[in-house]
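Remarks on the structure that follows.
Start at 1 and go down the list; that is how both ligands and their atoms are numbered.
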Amino acid sequence: MICTVSCRVVALSRDTVCMATVIRQGLEVLFTRQQIADRVAEMGAQITHDLNGEKLVMVGVLKGAAPFLADLARAVQVDATFDFVATSSYGKGQRSSGAVKLIKDLDEPIEGKNVLVVEDILDTGLTLSYLRKLFLQQHPKTLRIAALLDKPSRRLEKIEADYVGFSIPNLFVIGYGMDYAERYRNLPDICLMTPDHPE
Ligand code: PRP
């Protein structure tokens with residue numbers, strides 16, 4: 001049986017490329033579920049090491065971070081609790097500096113606690129800069145950031161994640177929590193939309 005798979009090389013950085021594989025019309029996989037699982041396991045091990053046995057509060061930023069938080073939480077071997085926040089979601093083009101608004105606050109105080117903010121993607125940095133400032137006002141013991149994806153070329157605010165899954169160029173990614181008009185969040189792989197996407 002002959003099986004043809006359509007692939008193309010995508011440059012992630014000057015030194016790194018990956019093979020994007022078409023899975024159906026209009027969608028190609030950039031990072032497979034296995035690559036994600038392997039990287040999340042490594043991030044979990046690093047976070048576990050850095051906590052040195054202390055407790056952790058994992059704060060997911062809704063909605064995109066939900067799958068990443070669920071997997072990362074099971075990869076850290078510490079006593080962890082969850083909390084969630086949500087910020088206003090403007091179209092990126094309309095978002096101006098400082099225009100982030102909190103639409104769901106933390107349920108529990110974080111004073112004196114080790115806090116890990118969990119994000120699917122760090123893009124302009126506006127969301128995480130806003131959240132970092134907000135959370136620091138509560139005086140956590142430590143405040144760290146885990147971002148599965150990082151787009152450093154898009155940054156408008158000076159902020160870096162402490163733990164990054166994959167650094168990518170300015171590609172529009174969907175799947176594993178990330179959406180296109182609320183669709184595709186449940187794709188198990190991180191994908192790109194191709195020009196022949198039906199919509
Ligand atoms: C995405 C992502 C981050 C934010 C990053 O959320 O989940 O929260 O954008 O972008 P920034 O660095 O430019 O601020 P989005 O607003 O799309 O909401 P969602 O998670 O509900 O999809």
Side-chain angles (χ1 to χ4, degrees), residues 12-13 26-27 29-31 33 35-37 39-40 43-44 47 56-73 75 82-107 110 115-138 140 143-193 197 199:
L12 295 181
S13 69
L27 289 183
V29 174
L30 184 66
F31 296 113
R33 61 202 77 179
Q35 288 173 310
I36 298 167
R39 189 70 192 110
V40 171
M43 295 172 83
I47 293 164
L56 180 66
V57 182
M58 303 181 76
V59 178
V61 185
L62 296 171
K63 304 173 191 165
F68 178 43
L69 184 138
D71 287 343
L72 188 64
F82 299 167
D83 208 337
F84 293 93
V85 292
T87 57
S88 53
S89 180
Y90 301 110
K92 295 291 183 218
Q94 296 167 287
R95 214 181 239 189
S96 60
S97 184
V100 180
K101 203 171 122 199
L102 195 69
I103 51 178
K104 187 219 166 291
D105 204 346
L106 294 165
D107 291 335
I110 55 171
V115 175
L116 181 69
V117 186
V118 180
E119 262 287 27
D120 52 337
I121 188 159
L122 173 51
D123 188 351
T124 64
L126 290 170
T127 304
L128 280 172
S129 294
Y130 170 85
L131 290 174
R132 181 176 60 179
K133 194 171 164 198
L134 194 72
F135 294 162
L136 284 174
Q137 288 168 3
Q138 287 200 35
L143 181 67
R144 295 192 178 103
I145 296 169
L148 181 62
L149 298 179
D150 185 14
K151 283 188 189 176
S153 65
R154 291 262 306 159
R155 207 76 89 246
L156 296 177
E157 293 283 335
K158 193 169 158 33
I159 187 160
E160 299 303 329
D162 300 274
Y163 310 97
V164 171
F166 305 100
S167 187
I168 61 169
N170 187 20
L171 299 168
F172 185 79
V173 285
I174 53 172
Y176 198 70
M178 291 167 283
D179 73 309
Y180 168 66
E182 294 299 326
R183 295 175 62 198
Y184 300 122
R185 292 191 195 273
N186 63 325
L187 288 176
D189 310 297
I190 295 175
C191 297
L192 301 171
M193 285 168 61
H197 188 270
E199 288 165 41

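With a heavy-atom cut-off of 4.0 Å, Leu128 does not touch ligand 1 at all. Here Lys151 has no heavy atoms under 4.0 Å from ligand 1, in either its backbone or its side chain. Only the side chain of Asp120 comes within contact range of ligand 1, with a heavy atom under 4.0 Å; no backbone atom does.
A salt bridge links Arg155 to Asp150: one of the charged nitrogens lies within less than 4.0 Å of a carboxylate oxygen.
Under the 30°/60° scheme for interplanar angles, the aromatic rings of Tyr180 and Tyr184 are found to lie parallel.
The distance from ligand 1 to the heavy atoms of Glu119 drops below 4.0 Å at these ligand atoms: 2 (C), 3 (C), 7 (O), 8 (O). The atoms of ligand 1 that sit less than 4.0 Å from any heavy atom of Thr124 are 11 (P), 12 (O), 13 (O), 14 (O).
For atom 4 (C) of ligand 1, the nearest non-hydrogen atom from the set Val61, Ile174, Thr127 comes from Thr127. Of the listed residues (Gly125, Ala99, Ala147), the one carrying the non-hydrogen atom nearest atom 12 (O) of ligand 1 is Gly125.
The shortest N or O to N or O distance between Lys63 and ligand 1 is under 3.5 Å.
For the ring-ring contact (aromatic ring centres under 6.0 Å, His included) test, residues two or more places apart in sequence or in another chain that qualify with Phe166 are Phe31. Shown here are the ring-ring contact (aromatic ring centres under 6.0 Å, His included) partners of Tyr176, two or more places apart in sequence or in another chain: there are none.
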